[in-house]
Each structure stands twice: as structure tokens, then as C-alpha cells.
Amino acid sequence: MMVPVQHDPATTRAAIRAFVRANHPDVGGDPEVFAAGLAELRCHRPRDRYDAPVVVVHRPRGIRGLLHRISARWARRHRPPRVR
């Protein structure tokens, strides 16, 4: 059984930035090596950033919806302050 590898986005981003700082053509790096290395680092990034399930929220309409919105607004305006 193969265990999926957990990628830390901050670590991956830090590795890409460090590679760019060290090998960018503007700081004396080889353009071909830079393009190949950047492509290699980018292919290892996780692609599941926007793969979350879609959630449909049912909001009541008509009189029930109007009463719901009025009561929610009243509750927001009359709740205690968040400042201690």
C-alpha cells in the first residue's frame, strides 16, 4: 500500500524561490539550466489547491427568506462586542 506524500506549500514555494535567486539569468545563471530547473520544481508542486468539493447552499426565498435575513441582521446588530 502506497502512502500519499504530503506536500507543504510553504516549503515548496521556498525551494522555488531559493532556486530562482541562485540561478536566474539576471544574476548570471544559465537560461537553459534555469528554465529546466524551474520546470522540474513546478512539476512537483501539488495540484489539489482547487480540488475541494463544491457545496451548494440553499437559501430560503420569499417571506421565509426575508424573515431569515431580518432576524440574522437583528442578531448581528445585537450581539455583544468582540472587544474585551
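Numbers here simply count residues along the sequence, with the first being 1.
- When all heavy atoms of Leu38 and Phe19 are compared, the closest pair comes out as N-CE2, 3.5 Å.
- Of all heavy-atom pairs spanning Pro31 and Pro25, the tightest one is CA-CG, 3.9 Å.
- Within the structure, side-chain hydrogen bond (donor to acceptor under 3.5 Å, both in side chains) pairs that include any residue of residues 20-41 comprise Glu40-His44 (at least two apart or interchain).
- In this view, His78 and Trp74 satisfy the ring pair (Phe, Tyr, Trp, His ring centres under 6.0 Å) rule, not counting sequence neighbours.
- Listed by chain and residue number, Arg64, His68 satisfy the side chain to side chain contact (heavy atoms under 4.5 Å, CB included) test with Pro60 (two or more places apart in sequence, or in another chain).
- With sequence neighbours excluded, the residues forming a side chain to side chain contact (heavy atoms under 4.5 Å, CB included) with Arg73 are Arg76, Arg77, listed by chain and number.
- Applying the under-4.5 Å side-chain rule to Ile, Leu, Val, Met, Phe, Trp and Tyr, the cluster around Val33 consists of that residue alone.
- Shown here are the side chain to side chain contact (heavy atoms under 4.5 Å, CB included) partners of Leu67, two or more places apart in sequence or in another chain: Ile63.
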